[in-house]
Amino acid sequence: MKYIFQLLICVTISLSLQNCAQHNECSVTSPDENICLKFSAERGIPMYKVEYKGEIVIESSKLGIDFKGLSGLKENFEVVDFKMQSVNENWDQPWGEFKTITDNHNELIVELREKNGEKRQMNIVFRLFNDGLGFRYVIPEQLNLDEVVIANELTQFNFSKENDVWWIPVHSENSYYESFYRKSKISETDTINTPATFELKNGLYMSIHEANLTDYASMTLRKTSNKSYEAELVPWSNGDKVYTKAPFKSPWRTIIIGDEPGDLATSTLTLNLNEPSLIKDTSWIEPSKYIGIWWGMHLEKFTWGQGPNHGATTENTKQYIDFAAKHGFDGVLVEGWNVGWDGEWFKDGSDFSFTQAYPDFNLEEIGLYAAQNNVRLIGHHETAGAVSNYEAQMEDAFKLYQKNAVNAVKTGYVNKYLDGKEWHDGQFGVRHYRKVIETAAKHQIMIDNHEPVKGTGLQRTYPNLMTQEGARGQEYDAWSKDGGNPPSHTTIIPFTRMLAGPFDFTPGTFNFDYETANKARVQTTLAKQLALYVIIFSPQQMASDLPKNYEGHKAFEFIKQVPVVWSDTKVLDAEIGEFVITARKDWNSEDWYLGTITNEASRLLEIDLSFLDTNFRYKAEIYTDGDVASYEDNPYPVDIETKELTNKDRLKILLSPGGGAAIKFTPI
Ligand code: NOJ
């Protein structure tokens, strides 16, 4: 690691470090000098302000922490010292949307001490990258501060204008982020979840979120005026926010800034603000494509619980394994294999056993059969929110799976609360989810977590945390009373939910003619289903439809071939809520893939292929919406054609309403 102790000067202010200290204020810029952070502690109150290319994007905003029963760390401060350092280094990911990530940032550490009284200390660390900034509170070990209960964090985000924001509410509609993102003026919001994506009046895009959420409560944003938010930590059931003890650190509060929506989607700031991997040998971590005994339950064809239509039988699972082996899938997920599903399983969850299979499911036999076929069984732990019941069995449950060669487990927490009273995203939930990831890692198991706490880049530290839900997935298209996800949904999430990390959306619908009680429908064309494999990143990616719907279908070839991890990613063009064009390079070859999707509107795109490497001609296998395709009444038509193309070419593609296109480029 290269540390250079250097002086950074903002465009407008010129201060030496010494002057910084004298003036109780200091500035630091991003390495490219586009972003400037100004810290000040005039009148003893810590404040920050952010400029982008010379324009103020965050006005003076307060910083601080409030404690229960103690005065807060928020005023009466003097600056003891300013420290700066720069880092410019590359690190490699075991999997991801980029093989190599550059961590190039300038850091400013502000050391504060109360001017009188107990003279307590608080440091604030700012890191400025070219794609945004992060800051965190670091409370050192000290005489006059020991165990504390955080009552709230006072971090403000004051905008200069009343911008538009893409947001979902906190807990009122759903407690694990399964809401539609909506765009409105700040004044029309209330308390919102992060990532929250802002469209600024000057045309910029900004996302506020957090990184490295460790033993803390999630940060949400409480509207305090029509131009500002304040951090609002998710409480325990008794109203307390965080139990901790000095020394402690808050998660990073992050602000990603870009000229285009794609700059947010390809930002690596959140990963850079997490710690390097704690798992030294990552050879057992294998990105994978999987099928599952899953959609059948959501379509009410199979049941999770016992009965004549029980999905998770040995026989049925073997058939899925045969299909996976035939078509090159790595894994088969099986839900409903274990005791506890009979009746209304989602009400309580304390009946779930994670080691006892139903009599018609022979785990050992299936484990062996899968191994013989070079396929892995993917395990499933649905808790229905009963965390204590799960934690009591967790070690044994992972041991059992490890013994049967299961190296990935999908977890689930379908319940408004955890253990009947705690939020998924409070400190209770954060601690639990971490325990799962750590216990799984001990048994060399990867995690796909549904009903999670939002992602904050922890997959850098625990690369066995492969993917999460934490948004409305395609399952809503089976049973949701509102009819399912409208076509615009997937044109929004790359710039909102996806900023929190990989998403197990479960694309791959090929049959749109199913009937369920609520008459929901997958509201895309078939070609758009293919495109979603490129648009939505998940290193564990599902082909969600029933095997029989894939058999003999020409377009299935794309799902079989599309990779799940990428050495490079570019968003070529996008308008949030309208359309997206994303190109990604295969992790393991010189192949490129392109996915493009639209909302309800049909549109003609002309795509510049200059992202392709200059030294190749490519065979392009192109899957587009057929002539009269439409998500509303004719999702099926797909045209498949092959062309020779180079990076000098432009490609015209017509997307149907709710449509999309997917392309594989192979060097010739
Ligand atoms: C909700 C999950 O999101 C879904 O994928 C799963 O099938 C059910 N819970 C049952 O565990």
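Remember, it's 1-based here, ligands and their atoms both numbered in the order they're listed.
Between the side chains of Tyr369 and Asp322, a donor-acceptor pair is found at a separation under 3.5 Å.
Atom CH2 of residue Trp167 and atom NZ of residue Lys183 lie 14.5 Å apart, to the nearest 0.5 angstrom. Distance CZ/Phe505 to CD/Glu469: 10.0 Å, rounded to 0.5 Å.
Salt-bridge annotation for Glu515 and Lys519: present, with a side-chain N of the basic residue lying under 4.0 Å from a carboxylate O of the acidic one. We find that Asp482 and Arg472 are joined by a salt bridge, their nearest charged nitrogen and carboxylate oxygen being less than 4.0 Å apart.
Aromatic pair Tyr533/Phe558: ring centres not closer than 6.0 Å.
Protein residues with a heavy atom under 4.0 Å from ligand 1 are Trp294, His298, Trp304, Glu335, Trp341, Trp345, His380, Glu382, Lys410, Val414, His450, Glu451, Glu469, Glu475.
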